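This report concerns only the one structure given below.
These figures come from a predicted structure and were not determined experimentally.
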Amino acid sequence: MRKNIKRATSLALITVMAGSLAACGGSSSSSSGNAGGSSENAASGSGDSASGDVTLRFSWWGGDSRHEATEKAIEAFEAKYPNIHVEPEYGAWSGWEEKQSMNIIGGNAADVMQINWNWIDSYSQGGTTFADLHQYEDVLDLTQFPAESVAQCEVDGKLMAVPVAITGRLFYWNKTTFDEVGVDLPTDEASLRAAGQAFAAYDKDYYPLALGEYDRMIFMVYYLESKYGKAWVENNEIQYTEAEIQEAMDFITSLEADHVIPTLSVIAGDMADSLDKNAKWIDGKYAGILEWDSSATKFQQAVVESTNKPGQEFVIGEFIKFGDYNGGFTKISMGLAVAGNSEHPKEAAMLINFLLNDPEGVEIGSTERGIPCSAAAIAVLDEKDLGDSLVKEANAKVIDYCKFPLDAKFEHNDLKANPDGVYYKVFGKLSAGEIDSATAAADLVKGVNECMGN
């Protein structure tokens, strides 16, 4: 595995730009335009003259398996286009957005970037920071992607990124624990509360569901959408009254009181970076989660490979009914973008097409970035029976059930960052009893409106 990960963002740039990142838009001055052309040699995949040689930087985050698959795909791309060399820049998610935002704002972004969907809103500068990929449809087949997903990646008609995958959250359960406790998997509010009572009687350290701060925000929106049938935000405006949000806050507090979910102080006391690494999840004491479909495997692996309790059964649950509507949203999990100041935007678009549409690139990447949006990619995975079957099942269930949209600001760092984001502060104080539900609702509305510029 190549290790030429570039980390050169100057201290001066960090100092100058830090203030601008504090704003919700997270942006300052930006570079624009698509400088430089591409050679006919590159487009045809032949030629090795000096004038035709091209070097691209490609940045992404992820785990080891994604890194390894992507580097193999890069090698295959370079073999297909010998005059194009790709330099990988990758790392873990922790601190990644902060680092890359500096590069984007400072005009030092990689030619090809794996980006979160909300980065389009945060950093696109009205459609100038990222190249308009509609300009490169001669080498990038956009017809393979759902039109509505492509539209969600546009700014003023300019395509800022190609959608890689669609994802959503659903419930997963440790069926082994539920069987031990002697209670059914939850399917509605009554069965969820019944599970809490049964778990409390079985062992006070056992809970049917565990939710962190950001999980609680998503769960609350799921509850509201299920009950009222309205999206959380539309047209940059919250669709719920403070009274309705307060009711949802009371609902979450009642779940703590009924031993359905542990308090946040209990979870913090577990001293784990994330739930999949929490010993109580691994050993079956926390028996349920609300997580992304693409995260299914790591949570399953944690319980199946538990040292203290190996071989536990991990299952995908039904969506819990809290009302007459199907709550829950789907979102573009990530996109591939090209820097607006890239000297080789066409070759960069060729790399994106190889990764997302080309049978060779698709086969290597498989489902490392989730279940693909590309119809061509899905055809390859189905034909060759590739990809994680659990993730496929979870993704299909999410796509079938969840129909609400996600607003572009929902995942903004000002809201979801740990520990200073609005979600963490509001739900942390509510769980600790430092504020009541009315104050929590008001604080949440205020924080979201400030982020949206209202």
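Nearest heavy atoms, Ser65 versus Glu368: OG-OE1, 2.9 Å. When all heavy atoms are compared, the tightest approach of Ala441 to Gln246 is CB-N, 3.7 Å. For Gly126 against Asp156, the heavy-atom pair with the smallest separation is O-OD2, 3.8 Å. Across every non-hydrogen atom of Ser306 and Gln312, the tightest pair is CB-NE2, 3.7 Å. Shown here for Pro262 and Leu209, the closest heavy-atom pair between the two residues is CD-O, 3.2 Å. The minimum heavy-atom distance linking Leu444 with Trp232 is given by the pair CD2-CH2, 4.0 Å.
For Asp388, there are no salt bridge (charged side-chain N to carboxylate O under 4.0 Å, His left out) partners two or more places apart in sequence or in a different chain. Partners of Asp443 under the salt bridge (charged side-chain N to carboxylate O under 4.0 Å, His left out) rule, at least two apart in sequence or in another chain, do not exist in this structure. When the salt bridge (charged side-chain N to carboxylate O under 4.0 Å, His left out) test is applied to Lys230, the partners found at least two apart in sequence or on another chain are Glu244.
Side-chain atoms of Asn413 and Glu98 include a donor-acceptor pair closer than 3.5 Å. Side chains of Asn278 and Asp270: a donor-acceptor N/O pair is present below 3.5 angstrom, by distance only. There is no side-chain donor-acceptor pair under 3.5 Å between Glu247 and Tyr240.
Legend: ring-ring contact (aromatic ring centres under 6.0 Å, His included) pairs involving residues 351-373, not counting sequence neighbours, sorted by first then second residue: Phe77-Phe354. Within the structure, ring-ring contact (aromatic ring centres under 6.0 Å, His included) contacts touching residues 371-403 (residues at least two apart or in different chains) are Phe319-Tyr401.
Note that the CD1 atom of Ile267 and the OG atom of Ser431 stand 8.0 Å from one another [nearest 0.5 Å]. Taken from CD1 in Ile84 to CE in Met350, the straight-line distance is 4.0 Å, to the nearest 0.5 Å. Note: Thr167 OG1 to Ile399 CD1 = 8.0 Å, rounded to the nearest 0.5 Å. Remark: Glu78 CD to His85 NE2 distance equals 5.5 Å, nearest 0.5 Å. Separating the CD1 atom in Ile364 from the CG atom in Leu355 is a distance of 9.0 Å, to the nearest 0.5 Å. Note that the NZ atom of Lys392 and the CD1 atom of Ile371 stand 6.5 Å from one another [nearest 0.5 Å].
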Met160 vs Cys153, test: side-chain contact (heavy atoms from CB on, under 4.5 Å). Steps then yes/no.
CA-CA 6 Å; Met160 300 289 93; Cys153 294; 5.5 Å; no

Full working for side-chain contact (heavy atoms from CB on, under 4.5 Å) between Leu386 and Thr367
CA-CA 8 Å; Leu386 297 173; Thr367 54; over 6 Å; no

Ile120/Gln152 under side-chain contact (heavy atoms from CB on, under 4.5 Å): CA gap, chis, key distance, verdict
CA-CA 9 Å; Ile120 294 173; Gln152 290 181 59; over 6 Å; no

Working for side-chain contact (heavy atoms from CB on, under 4.5 Å), residues Tyr90 and Thr70:
CA-CA 10 Å; Tyr90 55 83; Thr70 306; over 6 Å; no

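With salt bridges taken as basic N to acidic carboxylate O contacts below 4.0 Å, none links Lys409 and Asp414.
In this structure, Leu356 and Phe145 have side chains that are in contact, with non-hydrogen atoms separated by less than 4.5 Å. Looking at Leu159 and Tyr136, their side chains never come closer than 4.5 Å, going by heavy atoms from C-beta outward. Annotation: side chain of Lys446 is not in contact with side chain of Asn449 (no heavy-atom distance under 4.5 Å). The shortest side-chain heavy-atom distance between Cys373 and Pro146 falls under the 4.5 Å cut-off. Counting heavy atoms from C-beta on, the side chains of Arg169 and Tyr222 never come closer than 4.5 Å. Val155 is not listed as a side-chain neighbour of Phe130, based on a closest heavy-atom distance of 4.5 Å or more. Contact annotation: the side chain of Ile245 approaches that of Met220 to within less than 4.5 Å [non-hydrogen atoms, C-beta and beyond]. Looking at Val139 and Lys346, their side chains come closer than 4.5 Å, going by heavy atoms from C-beta outward.
Taking the six-membered ring wherever Trp is involved, the centroid distance between the rings of Tyr172 and Phe314 falls below 6.0 Å. Between Phe322 and Phe251, the distance from one ring center to the other falls under 6.0 angstrom.
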Below 3.5 Å, can you tabulate the donor-acceptor pairs from side chains in residues 328-338 to any protein atom, sequence neighbours excluded?
residue: Lys331; atom: NZ; partner: Glu411; partner atom: OE1; Å: 2.9
residue: Lys331; atom: NZ; partner: Glu411; partner atom: OE2; Å: 2.6
residue: Ser333; atom: OG; partner: Ala165; partner atom: O; Å: 3.2

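Judged by distance alone, with hydrogens and angles left aside, the side-chain atoms of Asn357 form a donor-acceptor pair with the main-chain N or O of Asp141 at under 3.5 Å. A donor-acceptor contact shorter than 3.5 Å links the side chain of Ser101 to the backbone of Glu97. A donor-acceptor pair is defined here as one N or O able to donate and one able to accept, closer than 3.5 Å; no such pair exists between the side chain of Ser149 and the backbone of Pro163. Side chain of Trp281 to main chain of Ala210: no donor-acceptor pair is present (N/O by atom type, distance under 3.5 Å, no hydrogens or angles). The backbone N or O of Arg57 lies less than 3.5 Å from a partner atom in the side chain of Asp111, making a donor-acceptor pair. Distance alone, capped at 3.5 Å, places no donor-acceptor pair between the Asn454 side chain and the Glu237 backbone. Arg66 contributes a side-chain N or O that, together with a main-chain N or O of Trp61, makes up a donor-acceptor pair within less than 3.5 Å. Proximity of a side-chain donor or acceptor of Asn116 to a complementary backbone N or O of Asn118 within less than 3.5 Å is not detected. Using modelled atom types, no side-chain atom of Asp276 and backbone atom of Lys298 make a donor-acceptor pair closer than 3.5 Å.
Around atom CD of Gln239, more than 12 heavy atoms belonging to other residues, nucleotides or ligands sit under 6.0 Å away. Heavy atoms of other residues, nucleotides or ligands lying less than 6.0 angstrom from NZ of Lys72 number 12 at most. For NZ of Lys397, the number of neighbouring non-hydrogen atoms (other residues, nucleotides, ligands) closer than 6.0 Å is greater than 12. Annotation for Asn235: atom CG does not count as buried by contact number, only 12 or fewer foreign heavy atoms lying within 6.0 Å.
Between Trp119 and Tyr123, the ring planes are perpendicular. Angles over 60° get that label, and only those under 30° would be called parallel.
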